[in-house]
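The structure appears below as structure tokens.
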2 protein chains.
Amino acid sequence: MPTPDRTSYAEIVAAGRDLLEDSGLAGLTMQGVAQRVGVRAPSLYKRVRDRDALIEAVAAATVDDLAGRLEASDRSLEGLARAYRALAHERPEGFRLMFAAAAPQELLDRAGLTIVDSAASIAGEEHALDAARLVTAWATGFIHMELAGAFRLGGDVDGAFDYGLAALRRGLGA
Amino acid sequence: MPTPDRTSYAEIVAAGRDLLEDSGLAGLTMQGVAQRVGVRAPSLYKRVRDRDALIEAVAAATVDDLAGRLEASDRSLEGLARAYRALAHERPEGFRLMFAAAAPQELLDRAGLTIVDSAASIAGEEHALDAARLVTAWATGFIHMELAGAFRLGGDVDGAFDYGLAALRRGLGA
DNA sequence: ACCTGAACACCGTTCAAGT
DNA sequence: ACCTGAACACCGTTCAAGT
């Protein structure tokens, strides 16, 4: 005697993303997600293996989101970096989770290749991969530190971001 | 009727650091730490407010460790970056925790000022803070990505680190 | 075929009782 | 003055019983 579905995998992952931002990783509980989608916690196990799998799915959805934003940008060094930072500001917990949880290689490659593409046009094909790693590492670290509140020696944080972009262009050009 | 102490705050924090590396943040449990120092979990509450306070103390000990290593390096751009990366390779979970948990401002400033000092000699006093943030952000992001296994498009990761150091020197010199 | 309450394991935390 | 077992709250997870 089939019962109409009261939720779906996509709805669960979306609720997980929102709960993550509201309550942090420790607050991303099965009971919390269940409440948001309107079922009891045990029902989630029909669609998700366990909490770790849900966390992975939330991380994967965030990487997918990021890849889409990078592709939708003007693909310049500056455009890519600002799109990356904008996502991190909108979903800081999701940003952190991308580096704490495993995401599908295919999605990571999609985001990575967009950046390598852009890097090639600045530093040349020969150094494209090294250049992409330089820029991505800088942006990733800048955002991590910014979110951790590590920039408290004063100064202008937005200005430091622009300074970094300009200095990287100089360093890559040579 | 006093009882001889069976453990100490320092021993608890040290056990926490080791357990963190062995079992990850989720594995850093009060029961696990208690077992390592030879008491029962409730006894830890005589010396530590709660699990969050213990996690903060572990993060602070890691920042203190880092500050000491930076000060003991030759303080060149390359020396600082390599000392940072070496710590992260030895204590990857501790490195991650520095950006996930709050550490005392005084310790963070101590580490930060060592880097600003070095940056000043390369980019000039005027841009010292921006330059320090560029280098620190790059190293932090590089290590985060490396630890997350995000460098899987091939190529030589150590080579990419050296390429980054050289490009940053070029970009900062101008 | 999905949903639920009940049950169990595990962990954080408190507290009265021991020494 | 510190240490402990017992107790409680909370969460992840399983499962038999409902529809």
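Residue numbers begin at 1 in each chain, while the letters A, B, ... track the order of the sequences. Model, not experiment: these values are computed from the prediction. Note: hydrogens, waters and symmetry copies are ignored here, and every other heavy atom, side chains too, is used.
- For A/Thr7, taking side-chain heavy atoms from C-beta onward, the closest of the listed nucleotides C/dC3, C/dT4, C/dT14 is C/dC3.
- Stem analysis of DNA chain C (Watson-Crick or G-U pairs, both distances under 3.5 Å, runs of at least three) returns C:4-8 with D:12-16, C:12-16 with D:4-8.
- In this entry the distance linking CZ of B/Arg47 with P of C/dT13 reads 17 Å, nearest Å.
- Side chain of B/Tyr45, nearest nucleotide from C/dC3, C/dT14, D/dC3: C/dT14.
- For B/Phe95 and B/His144, the distance between ring centers is under 6.0 angstrom.
- For the pair B/Arg51 (side chain) and B/Leu28 (backbone), a donor-acceptor distance under 3.5 Å is present.
- The distance from atom CG of B/Asp50 to atom P of C/dT14 is 8 Å, rounded to the nearest whole Å.
- By the criterion of side-chain heavy atoms lying less than 4.5 angstrom apart, applied directly or through intervening Ile, Leu, Val, Met, Phe, Trp or Tyr residues, A/Leu70 is not grouped with A/Leu113; the two fall into different hydrophobic clusters.
- If you check C/dC2, D/dC3, C/dG5 against the side chain of A/Arg40, the one that comes closest is C/dG5.
- The closest donor-acceptor contact from the side chain of B/Arg75 to the backbone of B/Glu71 lies under 3.5 Å.
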Item to check | Check against salt bridge (charged side-chain N to carboxylate O under 4.0 Å, His left out), A/Asp74 and A/Arg82 | outcome: CA-CA 10 Å; A/Asp74 66 10; A/Arg82 291 192 209 287; over 6 Å; no
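- At whole-Å resolution of the value, CG in A/Leu44 and P in D/dC15 are 17 Å apart.
- No more than 12 heavy atoms of other residues, nucleotides or ligands lie within 6.0 Å of CZ in B/Arg49, so this atom counts as exposed by the packing criterion.
- Taken residue by residue, residues 27-37 of chain B places heavy atoms nearer than 4.0 Å to DNA chain C at B/Thr29, B/Met30, B/Gln31.
- Remark: side-chain polar atoms of A/Ser118 are not paired, donor with acceptor, to backbone N or O of A/Thr114 under 3.5 angstrom.
- Regarding contacts with the backbone of D/dC2, every side-chain N or O of B/Ser43 stays at 4.0 angstrom or more from both OP1 and OP2.
- Atom C1' of nucleotide C/dC10 and atom CZ of B/Arg51 are separated by 13 Å, given to the nearest angstrom.
- The CD1-P distance, from B/Ile12 to D/dC2, rounds to 11 Å in whole Å.
- Distance from the side chain of A/Pro42 is smallest for C/dG5 among the nucleotides C/dG5, C/dC3, C/dC15.
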Next on the checklist: Would A/Leu134 and B/Leu168 count as a side chain to side chain contact (heavy atoms under 4.5 Å, CB included) here? Give the steps.
Outcome noted: CA-CA 9 Å; A/Leu134 170 60; B/Leu168 289 176; 4.2 Å; yes
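- Counting non-hydrogen atoms under 4.0 angstrom, B/Arg49 reaches nothing in the nucleic acid.
- Which of C/dC2, C/dT13, D/dC3 sits closest to the side chain of B/Arg6 comes down to D/dC3.
- Both the sub-6.0 Å distance and the 45° axial angle are not jointly satisfied by B/Arg133 relative to the ring of A/Tyr163.
- C/dT4 atom P lies 12 Å from atom CG of A/Asp5, rounded to whole Å.
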